[in-house]
Structures are given as structure tokens and as C-alpha cells.
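Naming: A, B, ... by sequence-line order, numbering from 1 per chain.
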Amino acid sequence: MSNQVLPLLGQVADTISQAIAAAHPELAGSDPVVRRSDHADFQSNAALALAKHARTNPLELAESLTAALDRHEHDPIAHVELSGPGFLNLTVPDHAIWGQLAARLASPRLGVGAPDEGLRTVIDYSAPNIAKEMHVGHLRTTIIGDNLARVLGFLGSEVIRQNHLGDWGTQFGMLIQYLDEHPETTWHHNELEPGNSAVAALDDVYKQAKAAFDADPDFAERSRNRVVALQSGDPTTIARWKEIVAESEKAFRDIYDRLGVLLTPEDSVGESFYNPLLTDAITELSDTGIAVESDGALVIFSEEVTGPDGTPAPLMVRKRDGGYGYDTTDLATIRYRIRDLKAHRLLYVTDSRQALHFQMIFEAARRAGWLTDGIEAAHIPYGTVLGPDGRPFKTRSGDTVRLMDLLDDAVARARTVVSEKNPDLPDDELNHIAEQAGIGAVKYADLSASRAKDYVFDIDRMVSFNGNTGVYLQYAHTRIRSILRKAGDPDAAIDPSVELQPAERALALELDAYGSALVEVGATLEPHKLCGYLYNLARDFTTFYEACHVLGAEEPLRTNRLALCRLTARTLQHGLGLLGISAPERM
RNA sequence: GCCCUCGUAGCUCAGACGGACAGAGCAAGAGACUUCUAAUCUCUAGGUCGCAGGUUCGAAUCCUGCCGGGGGCGCCA
């Protein structure tokens, strides 16, 4: 905890708050409205915002604040300048900026605190279907969810990842029956040619089974019986089902490894996990009168949402045939996560089309008394990945795009671009860099646009070395590492008496704001804000790089500039790490 | 019908707890390599912030109403 470094902006804001309280006691506690400024290091707009309450005009209030600031020595503020209709332009002393850098460099956490300590967050993301290939539809949930897991974890929250696998349903009856009747079918990963996955094979088997189901009434009947066997726990059927789940999870693991996401088999808590918990949840909903009979089904009528005919929209707790759908599972799930996992914060990372569904689930959980005021439940919606034609991304033949194919394409494209620019790279290094750049490009493209919007999957743009791309950030990192390698000496002390150049100042102030950027991501759950921060940081570094030579500088300037380089490199690497993107030494 | 979401430069997008001239990248034009990786940088040009009202000293930002795109609303998740 002693590692935490309060950002200068926060220190300045505290000082302005004190000035407000001193000059106008009745305004004590007001927001000091301190922001970064184009006209100084920071600016406070408090005078404009508060003039009304103080029954004075902004200029007068600003003058009284300036006077209050002048009355004492206020450490983080060196100069105050009144400007325009009442802006306070605030400059901090150079030594304070160098001090921040030194303190952050000395901290393994870059001086970032852990404000979420003591909170427990459940994040539901990825959730592919067993026996089906992961496709482009799983990209955003997996990448966004993983980033949030990392950021919230770093901010101190205890993060429980939940991969809500689609591992249950009537389709498994058909699949298992078909495999049973066609023992010659090869689908285990160790029976397949390299490069083929068990889920790809199972996907094919499913299609064949479906065809047989539709064509052969006897097979359809046997499949239905198999569903009953599965649901009633027939040992042979369950064993085969478990085998299918295990093989599928192995294939998912391959994708997760390649993508560099945190999900492990321990995070897998599929739909089937909730089977034994459904009746309890239903009984409770029914006993409290929240769930009611309707046309032979058990439903919860929403008090917030209506259907097309204007009547309350229902959640289907139990179908007329006695079966359960996803509404039931999701109700049991939220109950479990609150009661058993004791989460303070529940996040569901799924596409925006499910917004209404989650609104109704949360409403029901609130009415059931599960979701109480101290607990936050949030759907984290995101837009659709579009193809070049602006329609939801499909292959030319209209099929869904396999995630592995998409990653292969991105890596291949990155490889082409890298080898064009750097033809002398040995093959193994080129392949390694291409993998890092290609995967990073896909993830960064997904995370850097606002979550809520659709975006077009454009590989050429993603692997561009210019603009707001993952590759640009990786490259910025390699340039800094190159300087540091050449500099050799790792750790000389900063001399705080050195005067800062404008480019150094801008870079240093941006570095000081890293923790604030992360806190904002944690609050808004919008990863693109971290991307935006890192992109700004990289641009600030590039400006510094152009304006201020490092290795050729005289001491103590050289040491101070190396410190700027070190902290920038570490911040970029750390930030990319939170995005789940690697920061290579060379490109 | 109701609800959600998006609409900012030719293109792709930032900026939204009200604040100084609305910012990047791409594309276009002009420059800069004996210099720590030119995979870069500098400059120029380019915008009725969908439209119309309202609140305010001040609105891309808040409120209301429209227009347009996308999505959702009982037994698939």
C-alpha cells in the first residue's frame, strides 16, 4: 500500500479544495473541477461552476481562490494564473514531476493503488458451446471479458471468472446416440490429423446426426430416449457426454492459449452445473409468488418490460412440457453467484441483443430479494463484428467464421507486413513476431473501439503500423527497449533539479495519470479508454523521442531522460499486459 | 406499439459527470533521413457535432420532440 503514488492531478485538486474551503466555507466539499489543460499543466474550472452558489461572478470567485492559494505555500502548485472568464491555470514545479516519476519507478505497481480491495467480482464471459467450434461471435465476449478481469483484478478486486459453457441440452441426445451407432467415427483430438480439432469433428458429426434425425424417425426416437437417459443420469450416457465436454474444452483451451486469455478449465461452470440447483430456485420464486402459472407454464411477468401486444413480458421459468430453458438457468445462476460465491459485483459480457433479457433477469432477482442494494449486477453489452460489406461477419459462402481461421488470417497478414519491412528476419523470429503482432492486432482492434458500437473487421487496418493499433504500441515499446539496451546502466537516480522540456513534461504528466486511466476503466467497464490512454502515451513518447535525444544527452539530463524511457516502457508493457497483448523486445 | 443502441472531417473512430479555438488515424497536398529503429515525425487542407426546440453566462455534452441505421420484446442462448 505504501507503494501507492497519488497523481499530481489529485494533489492539485486537493489543494484547490482547500482553497475553496478557505475562501468560501459554504462551498467546502465542492468539486474543484481540476483537469489537464492546454494552457498549463492543469486547470481548475471551479470558479465558473460554483459562482452561482457563491452569489458572485466567476471572475471574482477565481480571484478569491487565487488569493487563498497565494496566502500559503502550496506544495504541488508553483504558479496560478487567472485566465479568461475565471479559469485557473495551474503549473506544478519541475521537481514535483520528477518526484512522481521516481516514486512510480520505485513501485512494482507503478504507484497504482488497489481501490477495489475487498470486493469480489464475478465476470461471465466467453461461454462457447460444447461440441461446436468457437466462431467470430465469441471473439468480443472473450477479449473484453478477459481485459475487464485483468483490470479489475489489478485494481484489487477478487475476480472470479465464470465460463458459462453451453454444455447441456437436447442436442446432446442426438449427438451421443449417433456416436454410439457409429463407433467408427473419429473425433477425439488424438485420432485426428494435426490442425483439426475435436470440436470441428463434433460439429460435423452433429450435422450428420441432425440429418439422420430428420430423415429417420426411428433414429429420432432413439435420440429422444437418449436425452431422457442423459437427463436421468444414465452412467454410460453421462460418461460419453463427459468425454465430449472434455474434448471440447481441450479445443477451447487451444484457442484461449493462442489468444492469451486467462480462462482455464477451473473457470468452466457450464449450464449443467446448475441442473441440481434449478428446483430450489424455482420453488423459491414460486413460493414468494413472483413466478406464476400461465398456460400451463411457470413464468415471471415483468413489471418493467412489455411485449408487442402491450402486456407484461414473461421470463419462462418452467416450460409447459416441464422442461427448462435459459431463463431458468440464468435465474439459478444469478442466485448462485450472489448466495454461494458472495459476489459484490456481477458482470455479464454478452452482445447487446441480450440487454432486455438481462434487464428482466436482474429485475426478477431484485424482486426475489437475491439482488440487494449493496450488490451491482450489470450487463456489459457490445456491438457486432461486421464484415467488409457492413453486414455481420460471415465467410464468402455465408457460413460463420471460425475463430481459428480468423486468427490464422490475421497472423498471416501480420507476417507479410513484417517481412516486407524487415526481410532479414530469420524465419523463427519472424513467425514469433507475426504471432504476437497478429493476435495483438485483433485484440487491440476489438478493445480500442467503443464497446457499444459495431465495428468492421478489417485486418489490413488492424496490422497497420500507423494509427491507433496494437502494432503501433508494440513498436513504440520496442523503440524504447532499444534505447534502454544501448544505455546499459539500469538504475541511476533522477536529479529533480533538472529543468523539464515541454515534450518531457507532457510525457511525464501522462505517465503520472496511468492509475487514473485504469480507475476509469474499472468504473465505466470500457476497455477502449485504456487503449486511448496508451495511444496518447505512445504519441507523447514519440514527440519526446523526436525532440529530446536520450543517449547523447549530458548528465544529469541523460539519466533523467532514461528514467522517462524506463517508466514509459514499463507503463506500455503493463498496459498492454492488461489488454492481454504482449510487448516484444524487437520487431 | 414499447424499449435499447448508434448518428462527430471524404473514410475509420476518439471526445459526453457543461467550459477556452471539436481531436486522432487513414486518404489528399507540402516537407524532414551522416542522428537512440523513417515501421517515424512536422506542416497544410478538410466538420451545419443527424434535425428542431429548450435549460444555461456558456451545449457535441443536459432535457424534450422528431429523422435515419442497427437490435430486442413467452417456451433457442
Could you tell me the separation between the [atom1] atom of [X] and the [atom2] atom of [N], rounded to a whole number of Å?
X	N	atom1	atom2	result
A:F544	B:C36	CZ	C1'	10 Å
A:L551	B:C36	CG	P	9 Å
A:L447	B:A14	CG	P	13 Å
A:N45	B:A20	CG	C1'	9 Å
A:Y455	B:G69	OH	P	25 Å
A:I300	B:C73	CD1	P	18 Å
A:E526	B:C17	CD	P	12 Å
A:R539	B:G25	CZ	P	5 Å

Quick check: on RNA chain B, is the nucleotide nearest A:Q354 upstream (toward 5') of the one nearest A:Q43, or the reverse? Name the residue that is more 5'.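 In this pair, the answer is A:Q43.
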5'-most contact on RNA chain B: A:L425 or A:P58, nearest heavy atom basis?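 Residue closer to the 5' terminus by nearest nucleotide: A:L425.
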Nearest of [options] to any side-chain atom of [X]?
X	options	result
A:R35	B:C17, B:U37, B:A39	B:C17
A:A313	B:C73, B:A24, B:U37	B:C73
A:Y545	B:A20, B:C76, B:C36	B:C36
A:S482	B:A20, B:C36, B:G72	B:C36
A:S450	B:A14, B:A77, B:G74	B:A14
A:T542	B:C17, B:G71, B:C41	B:C41
A:L356	B:C17, B:G72, B:A24	B:G72
A:D38	B:C21, B:A14, B:G72	B:C21
A:D454	B:G70, B:C21, B:U12	B:G70
A:K453	B:U5, B:C13, B:C36	B:C13

Between [M] and [N], how far apart are the [atom1] atoms? Round to whole Å, please.
N	M	atom1	answer
B:C57	B:G69	P	38 Å
B:U8	B:C49	C1'	4 Å
B:C4	B:C21	P	35 Å
B:C76	B:G15	P	39 Å
B:C6	B:U61	C1'	16 Å

Whether the side chain of [X] and the base of [N] hold a donor-acceptor pair under 3.5 Å is what I'd like checked.
X	N	answer
A:T350	B:A77	no
A:N89	B:A20	yes
A:E271	B:A77	no

Distance-only donor-acceptor check, side chains A:Q436 and A:Q474, under 3.5 Å: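 Looking only at side-chain atoms, A:Q474 and A:Q436 do not form any donor-acceptor pair under 3.5 Å.
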A:H549 stacking on B:C36: centroids under 5.5 Å, ring planes under 30°? yes
Aro-ring/base stack A:F87-B:G19, d under 5.5 Å, angle under 30°: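 Answer is no, no stack.
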Pair assignment for [N], Watson-Crick or G-U wobble, requiring both distances under 3.5 Å:
N	result
B:U12	B:A24
B:A45	none
B:G7	B:C67
B:G58	none
B:G74	none
B:A39	none

Is the shortest distance from a Lys or Arg side-chain nitrogen in A:E585 or A:R485 to a carboxylate oxygen in the other one below 4.0 Å? yes
I'd like to know if A:D351 and A:R353 make a salt bridge, using a cut-off of under 4.0 Å between side-chain N and carboxylate O. yes
Between A:G383 and A:D454, which heavy-atom pair has the shortest distance, and what is it?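 Minimum heavy-atom contact is CA-OD1, 3.3 Å.
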Give the table of side-chain donor-acceptor pairs shorter than 3.5 Å for residues 528-539 of chain A, with sequence neighbours excluded, one pair per line with atom names and distance.
residue	atom	partner	partner atom	Å
A:Y533	OH	A:E510	O	2.6
A:Y533	OH	A:Y514	N	3.4

Side chain to side chain contact (heavy atoms under 4.5 Å, CB included) test vs A:L90 passes for just one of A:V80, A:D41, A:L9, namely A:V80
Glycosidic conformation of B:G74, syn or anti, with 90° from 0 as the boundary?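 B:G74: syn.
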With a 6.0 Å cut-off on the ring centroids, do A:Y274 and A:Y336 count as close? yes
My understanding is that only one of A:K453, A:R140, A:R451 makes a salt bridge (Lys or Arg N to Asp or Glu O under 4.0 Å) with A:D446; could you say which? A:R140
